[in-house]
Protein chains: 2
Amino acid sequence: MNFLTANLIPKKHQSLAEQVEQKLLSYLKANNFNIGDQLPKEIELAAHLGVSRNVVREALSRLRMMGMVESKKRKGMVITEPDLLSGLTRIMDPSLLGKENMQDIFELRLVLEVGMADLLFVRKKDTDIQELKDIANREAADENCQNSQDVRSKYEVEFHGKLYAMSGNSTLSRFQKLLLPIFNYMEAVEATLDKAPAKGKINHFDLIDTLENGTAAQFRKRMREHLTPHYARL
Amino acid sequence: MNFLTANLIPKKHQSLAEQVEQKLLSYLKANNFNIGDQLPKEIELAAHLGVSRNVVREALSRLRMMGMVESKKRKGMVITEPDLLSGLTRIMDPSLLGKENMQDIFELRLVLEVGMADLLFVRKKDTDIQELKDIANREAADENCQNSQDVRSKYEVEFHGKLYAMSGNSTLSRFQKLLLPIFNYMEAVEATLDKAPAKGKINHFDLIDTLENGTAAQFRKRMREHLTPHYARL
DNA sequence: GTAGTTGAATATGTACTACATATTAATAAA
DNA sequence: TTTATTAATATGTAGTACATATTCAACTAC
């Protein structure tokens with residue numbers, strides 16, 4: 001391609017479906033719609049935008065995938081609230097992601113759990129503390145913890161998952177669940193390298209105690225220490 | 001939801017395009033492909049799955065949207081590394097999200113900035129510190145800061161954006177940029193309610209000093225104090 | 001033989017038609 | 001008035017046809 005034709009083509013080529021998707025998004029953003037409002041019919045959109053119905057359907061399919069619209073058979077398409085994590089739920093898999101993304105996600109977990117402290121202290125309930133204690137007690141009583149890494153990590157997941165749930169932030173909590181396969185994979189890889197799982201000095205009982213009697217700053221410090229083996233990966 | 005209940009609960013009707021999307025995703029997850037590998041042609045997929053090419057194209061369009069595949073005109077579709085934030089880039093807009101999602105995102109920012117400390121201390125460079133100082137100095141010298149909330153928030157964004165960039169976590173940094181419109185919107189709403197923007201006791205110079213001479217734990221504490229006005233919203 | 005050009009082959013991109021399906025809304029029956 | 005039936009309609013799916021762009025091979029020129 002010579003420089004003349006290069007100048008004639010300003011943007012990287014976008015398919016019509018992508019263009020229509022963006023137009024629909026701008027349309028929705030600009031007109032402050034409410035949830036439940038109706039979208040024009042596919043045929044009308046196609047006619048108005050001067051494209052085929054196929055193209056419109058591809059664009060709408062993407063909006064549907066994000067949870068931005070729902071389509072009913074005769075009613076047409078109605079606007080819904082998009083799902084923040086709809087994309088992530090599909091691709092959060094070790095076999096789909098590269099090293100850099102996995103490392104980013106790994107780090108994100110560490111950041112979240114340390115930074116989450118204030119949410120926990122604002123929203124903790126007595127019943128939550130009790131549940132944490134139950135988990136920690138079951139963990140302490142389970143002799144399989146000595147032998148099996150799987151068993152250990154089962155309690156680890158349960159305990160920390162409960163913390164995310166306690167945060168009262170459902171996006172955060174859902175994100176943690178998506179994050180698990182990545183984390184497990186990276187731990188498994190680490191295990192094959194003969195790196196001892198090296199437990200931190202702060203255990204779950206210590207964390208519970210801090211959550212019950214301490215401050216958010218103290219909890220952050222202890223959580224940071226609890227996660228020290230993982231921080232070694234930075 | 002475990003494997004069993006997943007089968008027991010009758011799924012809400014899924015369109016063929018959605019089913020094909022999932023089949024393609026499972027196919028990609030199961031077969032550990034490498035980036036650059038080719039996917040079968042649309043017609044072959046359609047024939048193999050027993051659906052029309054339209055349906056296959058809708059599914060592929062979704063994968064393309066997530067950055068999982070790229071399509072070249074004659075070459076066919078090749079596997080690429082998915083973009084973790086491709087979904088978010090489209091929907092991170094105050095006019096598309098509801099209160100709960102916005103609140104979740106708002107909280108997430110607070111969690112991230114407090115929890116980010118260790119990343120910063122591992123990866124900070126002298127040049128980064130210098131850049132932070134430059135920003136803080138420009139801010140201190142700008143007399144418009146007194147009058148205009150916009151000017152203040154401009155420096156705020158620049159300073160904190162630099163911190164995210166320093167984290168060395170590009171996903172985190174990109175997420176912060178997406179988060180900005182939400183944050184601005186919520187601050188604007190707060191401003192209309194006559195709530196004074198109430199600056200925290202810890203300013204940017206304090207943060208820089210801690211970053212230069214202190215510890216990660218100290219930085220977390222000070223960042224938490226710096227963000228105190230925002231934490232009031234919890 | 002090498003470089004550059006041309007042109008055919010081909011997979012994706014777009015348009016269009018036809019019909020299936022499900023659900024609403026109107027109508028008829030009780 | 002209530003219930004059952006029917007028609008209308010917007011999305012879902014299938015299929016054909018052609019446009020477009022890019023690869024790859026054949027070919028020409030030097």
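Every chain is numbered from 1 and lettered A, B, ... according to where its sequence line falls, protein lines coming before strand lines.
By the 4.0 Å N-to-carboxylate-O rule, B/R62 lies too far from A/E58 to be salt-bridged with it. A salt bridge does not link B/R233 to B/E107: none of the charged nitrogens lies less than 4.0 Å from a carboxylate oxygen. Here A/R174 pairs with A/D83 in a salt bridge; the nearest charged N to carboxylate O distance falls below 4.0 Å. A salt bridge does not link A/D128 to A/R123: none of the charged side-chain nitrogens sits closer than 4.0 Å to a carboxylate oxygen. Salt bridge annotation for A/E70-A/R64: absent, with no cationic side-chain nitrogen under 4.0 angstrom from a carboxylate oxygen. Note on A/E131 versus A/K125: no salt bridge recorded, every NZ/NE/NH1/NH2 to OD/OE distance being 4.0 Å or above.
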I need a per-nucleotide contact map over nucleotides 16-22 of chain D, read 5' to 3'. Cutoff is protein heavy atoms under 4.0 Å; write B for the base, S for backbone only, - otherwise. -B--BSB

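Separating the CD1 atom of B/I43 from the P atom of D/dA14 is a distance of 15 Å, rounded to the nearest angstrom. Distance B/L16 CG to D/dT11 P: 17 Å, rounded to the nearest Å. In this structure, A/E58 atom CD and C/dT12 atom P are separated by 12 Å, rounded to whole Å. If you take CZ of A/R57 and P of D/dA14, they are 11 Å apart, rounded to a whole angstrom. A straight line from CD of B/E44 to P of C/dA11 spans 8 Å, rounded to a whole angstrom. Atom C1' of nucleotide D/dT11 and atom CG of A/L60 are separated by 10 Å, given to the nearest angstrom. Between the C1' atom of C/dA11 and the CD atom of B/E70 lies a distance of 16 Å, rounded to the nearest Å.
For B/S71 and C/dG13, the shortest distance from a side-chain N or O to OP1 or OP2 is below 4.0 Å.
Judged by closest nucleotide on DNA chain C, B/G76 is the one of B/G76 and A/V51 placed further toward the 5' end.
Using the six-membered ring where Trp is involved, B/H160 and B/H204 have ring planes that are perpendicular, over 60° apart on the 30 and 60° scheme. Relative orientation of the B/H230 and B/F106 rings is perpendicular, given thresholds of 30° and 60° on the angle between their planes.
Shown for residues 35-42 of chain B: residues whose heavy atoms fall under 4.0 angstrom of DNA chain C, namely B/K41, B/E42.
Under the 3.5 Å distance criterion, with hydrogens and angles disregarded, a donor-acceptor pair is assigned to the side chains of A/S95 and A/D93.
Nearest nucleotide to the B/S52 side chain, out of C/dG13, D/dA14, C/dT14: D/dA14.
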